Amino acid sequence: MKKKIDLNNLISGKNIRKLIDKLYPICRSITGKGFKDSLKILKENMDIKMVKFRTGTKVLDWTIPKEWNIKDAFIIDPSGKKIVDFKKNNLHIVNYSMPINKRISLAELKKKIFTLPKLPNAIPYIASYYKKDWGFCIEYKKYKNLKKGNYKVFIDSTLKNGELVYSDTKIPGKSKKEILLSTYLCHPQMANHELGGPIVLSMLYKILKTTGPHKYTYRFLICPENIGSAAFLHKNKKKLKNIIAGYVINCVGHGSEITYKKSRISDSLSDKAALNVIKNSGKKFIIEDFYPWGSDEKQFCSPGFNLPIGLIMRTRFDKFKEYHTSLDNKNFISIKTLIDSIKIYYQVLKTIEIDFKPLGKIQYGTPQLSRSKVPLYRTTMNWKIKKIDSRIKNILQILNLADGKKSLIDIANKKKIKLINQENLIDDLLKSGYVTKK
Amino acid sequence: MKKKIDLNNLISGKNIRKLIDKLYPICRSITGKGFKDSLKILKENMDIKMVKFRTGTKVLDWTIPKEWNIKDAFIIDPSGKKIVDFKKNNLHIVNYSMPINKRISLAELKKKIFTLPKLPNAIPYIASYYKKDWGFCIEYKKYKNLKKGNYKVFIDSTLKNGELVYSDTKIPGKSKKEILLSTYLCHPQMANHELGGPIVLSMLYKILKTTGPHKYTYRFLICPENIGSAAFLHKNKKKLKNIIAGYVINCVGHGSEITYKKSRISDSLSDKAALNVIKNSGKKFIIEDFYPWGSDEKQFCSPGFNLPIGLIMRTRFDKFKEYHTSLDNKNFISIKTLIDSIKIYYQVLKTIEIDFKPLGKIQYGTPQLSRSKVPLYRTTMNWKIKKIDSRIKNILQILNLADGKKSLIDIANKKKIKLINQENLIDDLLKSGYVTKK
Amino acid sequence: MKKKIDLNNLISGKNIRKLIDKLYPICRSITGKGFKDSLKILKENMDIKMVKFRTGTKVLDWTIPKEWNIKDAFIIDPSGKKIVDFKKNNLHIVNYSMPINKRISLAELKKKIFTLPKLPNAIPYIASYYKKDWGFCIEYKKYKNLKKGNYKVFIDSTLKNGELVYSDTKIPGKSKKEILLSTYLCHPQMANHELGGPIVLSMLYKILKTTGPHKYTYRFLICPENIGSAAFLHKNKKKLKNIIAGYVINCVGHGSEITYKKSRISDSLSDKAALNVIKNSGKKFIIEDFYPWGSDEKQFCSPGFNLPIGLIMRTRFDKFKEYHTSLDNKNFISIKTLIDSIKIYYQVLKTIEIDFKPLGKIQYGTPQLSRSKVPLYRTTMNWKIKKIDSRIKNILQILNLADGKKSLIDIANKKKIKLINQENLIDDLLKSGYVTKK
């Protein structure tokens, strides 16, 4: 990660806005054309390598479902008016709905409609992957005004044997040890959750590709949520020991605070590196212990795998009312926040990259740093004129703890130092020979 | 503990009031008729099995004292008036007083009288088991007005070789592992301390007898305080390893708060189960580390035995001014609080009964709970319509930690779940096969 | 430490004041006559044993510098007036200045002058041990008014091959195990920092010499800071394992609060004993984790040595503005605070002396303390008349934890007992036989 790059150029707001515009209207699901089309759009920014699973394949405790595709859907009211139209907003259809084409009474229709009385202008997002069903999601305001009579309900969908795909790409590093970045791409027409995740992940890909070669191998996973990560884990069961850290990326486009959800391990490298950046960020932050609901961390952090996977989020999914509704639209997501999230993730990855276990050259007594050719200390004892500065304090702290057993991240967390701010200092310590990598 | 019972019927306030009325007036001590008569009264509610120790027997560092009995005692003032009468309140006599019958001056008398100047209407409770002596305890108000002249002091007591008894009864369970419930019954004419203890213990006996068979064997000990538990420990020295949890029951009839005094081990099964109930009770509570004064826990938790014995109390003995005085009378004790204490203890015992180390069937990835025949999860992804409820959260927490190493109590304490509220959920998890007992 | 002594007589304020008067005006440095003369003055109170190192000797990562001596120094202004005079205040010269004798312009002069604009009346203290240089330190007020013209600068110093000395003295105890008391004596004309350190150390020597024989051997080190302790450690590298506790003494003459800086080990015997005294002192205190700047603890607590050395200070060096300036003068130091600091150190040393691992005679059940010939418990059960007092509570706590594995200091810290207040109680426990030393 030595190459200096202009992050702001690489990840311009304009590009991000374009990506959102392309991805937002697509009706995605855990299988089908919408998911694949979305991967193709991301391909403009990063490598995509599809892995396929046939319908009916067992993955861990799950089974790959039939493939779902949809062309159109609507409801026509008794007066002949198309009152619900999939083409206007694809949240109107319960995701994975079976095909239907019939006339039903208002009473029957109401059984197949989901609304949000507390958000009368919002269309809820509902899915029914594993129970065969069909239904519509509409604004409560519209629902309240439905008139008596017969309605035509029409869904032009297919549910057939087919395939489920996810994308699994690597940027190889000097080491086989991997850092896993994972996100999902199975939600229809919503912006912050989930488009923020894939966008941040693709931008991190771009940055890491531009700045390599890196110490670690980076692996980028874009799945349908839950079933996709289960398929990945099933396929790679025996190769997971290389994963030393990683994050599931979601809820990264709205909210000023940083929310960190720890891995189940609770003090994994992922946790330590994220906390080093977040706690020293000057931003409002919330640290949460692991809990086994949420997203793909449920799979990664199941007791058998227990992978070191955490989540760096902004406002958490269940803390904003727009979550899983049509109100999570293009106006709800903030480009500025997305860029900020990319930078935070990049800082965390850099933290992991520059980490090592330092061994001090002088273990007995202090080194006489004033003799160093690389300037590390002052030559005159003039405390009162110039107080001991934080650079010198950090040098002394690192040297005092450089016993070859503690990592720089552990030292930095113990002493409340933001590690990436010490890159030059660490370089100087290495160059001067006062510290070597253990 | 499967059988459903009507607790309120089993432990009616009326019965408790009757018990108090019978036990309250008796002059008990660590030996003698008063103690044995009191055990007989408790026999109406529970099994009593007396264990006897002859005077002079060595038990641990202690020696069984002579047996003390008393028929009458009084003081007659210079005018011939009986001003202190054992038959009106047996606290008037220093417990274990030697017999006496003589006339003495006021000055001499005063040396043998105990009063409480700060509680001028209270008779203090004093005992002198191991130092041969005699004396009277009277209200300070009365003491202040004693006139000059000669007083007749009369104590019709005996102190002879005899026996000390305690009661040791078991309700056998499926396992030889025991839960010890211990209380003491050596205090004269006082209500909250100590009658509350034996009453709660006898009611717990009744409940457990009605609801068995249980997983664990329950042992009920009713001792003279200190010397009695020393005798029990001496006799059973080599059989104590079966005791996996237990409590000393006292100070359970006054005060709204719950006071938990930990065992010396500090994180024993007793401590974990009690804290799970108490911390999730919604009541005010105080948690105390172990200290080696108080009651029989001094013996049980001496370094050599170090048994897992805690105390669930209400207001602690040294926090109410009526303690060890005649003010701790039948009006001072609350039937409602006693019943509440019984329920708390019963909840704690149930917590221990339902505990086991769960092993999840699916260790790798999450189980697909929507397929379960026993309903464990929702079938539709409709987060926004119906938020993830606490039942599902608890299922997921337990499954995520069900590695066969952690107990349910440990999981519940870690995740702040009240375990006895999850009985049905745990049954469902077992029935569905997603969890087995390790 | 059995002998009772009158501390106030032994360490009178008058004697301390005399010592300060003698030591204060001397121009000390890390080598040279000033340091040796100062040691000689301390010799009035304690043994001094000089250890010598020749210039050029390697000690750890350091090299013994040339010996510096100075006779006179001054600046004469363009009008012929001696405006800066070493003989008036030897802080005026940059410590370790090379000799000089020439006329220079005001502009040139200004490059060689150090001032403190924020303390315009203070002369700063500056040293340049390892970079050959010369300079003057003056009041900013004077500096501002320097007029144009040529100045004569004169420094009559020598920098030659010679020696560095420190003093290393022992008071042998019954055990070879050592407690190290270390201070430094290389600062010129300043009072609190550093004369307080050597004065407190010499008084502790006097007290310990008067009160012996002690359990432990006491070692008294008076060094030039940093290079001196490096030389000591270098020379004694293989004999340090005897040091079981110790303190660097500085900043002990100003400030009401107690500041404790922990050893790098963080829970060493030094830390435990100091905290037992400080936390139970009733005084305001500040506890600090170790950090590798400050004084000789940098050397003692380098990772290779990692000695159990802490610091009991009053106001810390960087928290009073007079530090390293002429304002740290004889008025700034408080004799009362010095005496208080001596007493605190003495209490801490006594705490270490009386510590041992107690083993209770009765491990199973409680001992029947009322039988003890040495009075340990009351004979009558009269709780209400006389509450259980803190002496009895402390006896019970110690006995309950006296398993032969925990030290008295650990027990005392756990139970918030000030150990030196329990000397009689511990004697009684030993005499009664209820406790033996493990």
Side-chain angles (χ1 to χ4, degrees), chain A residues 357-408 410-417 422 425 429 432-438, chain C residues 30 58-63 94-96 114-119 122-133 135 137 186-187 225-227 229-234 237 240 264 289-294 296-306 317-318 321-325 327-328:
Chain A
K357 290 186 176 169
L359 178 67
K361 185 175 75 172
I362 308 301
Q363 292 286 310
Y364 291 90
T366 63
Q368 191 182 345
L369 294 179
S370 57
R371 286 189 303 166
S372 169
K373 275 157 205 167
V374 183
L376 295 173
Y377 206 76
R378 55 195 172 202
T379 52
T380 313
M381 258 286 294
N382 60 348
W383 182 276
K384 245 336 215 201
I385 302 297
K386 204 184 163 201
K387 286 220 173 174
I388 189 163
D389 60 26
S390 69
R391 178 182 152 91
I392 292 183
K393 284 188 177 175
N394 291 339
I395 287 173
L396 296 176
Q397 293 281 27
I398 290 170
L399 288 175
N400 185 257
L401 293 170
D403 58 6
K405 286 171 197 158
K406 298 172 190 78
S407 71
L408 282 172
D410 284 337
I411 294 171
N413 280 340
K414 193 176 173 185
K415 298 302 176 186
K416 295 179 182 145
I417 299 167
Q422 310 305 324
L425 182 160
L429 280 174
S432 72
Y434 279 111
V435 148
T436 51
K437 294 187 186 186
K438 182 74 187 182
Chain C
I30 54 172
K58 302 266 175 205
V59 294
L60 305 177
D61 194 45
W62 299 75
T63 308
V94 167
N95 207 286
Y96 252 70
F114 295 91
T115 67
L116 288 169
K118 286 185 183 169
L119 294 171
I123 311 165
Y125 158 61
I126 308 287
S128 186
Y129 304 136
Y130 299 103
K131 187 188 158 200
K132 285 189 182 178
D133 204 347
C137 304
C186 53
H187 288 64
E225 197 182 6
N226 193 34
I227 182 76
S229 53
F232 166 80
L233 287 166
H234 183 88
K237 210 167 178 173
L240 300 170
R264 185 176 179 273
D289 281 336
F290 179 79
Y291 43 86
W293 53 91
D296 292 311
E297 68 272 21
K298 286 185 293 186
Q299 302 293 356
F300 296 128
C301 301
S302 54
F305 294 120
N306 203 23
F317 69 99
D318 52 352
K321 68 177 191 310
E322 295 82 359
Y323 174 72
H324 271 199
T325 78
L327 302 181
D328 180 0

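All heavy atoms count here, side chains included; hydrogens, waters and symmetry mates do not. Here the structure is a predicted model, which is why all the values come from computation and not from measurement. Here is the naming used below: chain letters follow the sequence lines, and residue numbers restart at 1 for every chain.
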For A/Q363 and C/S302, test the side chains for any donor-to-acceptor distance below 3.5 angstrom and give the result as yes or no. no
Given heavy-atom pairs under 4.5 angstrom as the criterion, report whether the side chain, backbone, both or neither of C/F300 touches chain A. neither
Taking A/R371 for its side chain and C/D61 for its backbone only, find out whether a donor-acceptor pair lies under 3.5 Å. yes
For C/D133, which atoms come within 4.5 Å of any heavy atom of chain A: side chain, backbone, both, or neither? neither
Check each atom of A/K415 against the heavy atoms of chain C and say whether the ones under 4.5 Å are side chain, backbone, both or neither. side chain
Contact origin within C/C301 toward chain A - heavy atom pairs under 4.5 Å: backbone
Please flag which part of C/K118 lies under 4.5 Å from any non-hydrogen atom of chain A: side chain, backbone, both or neither. neither
Give the ring-plane orientation class for C/Y125 versus C/H187, where under 30° counts as parallel, over 60° as perpendicular and anything between as tilted. tilted
Beyond-backbone contact of A/N400 with C/F290, side-chain heavy atoms, under 4.5 angstrom: yes
Which residue in the set A/L399, A/T436, A/V374 passes side-chain contact (heavy atoms from CB on, under 4.5 Å) when paired with A/L429? A/L399
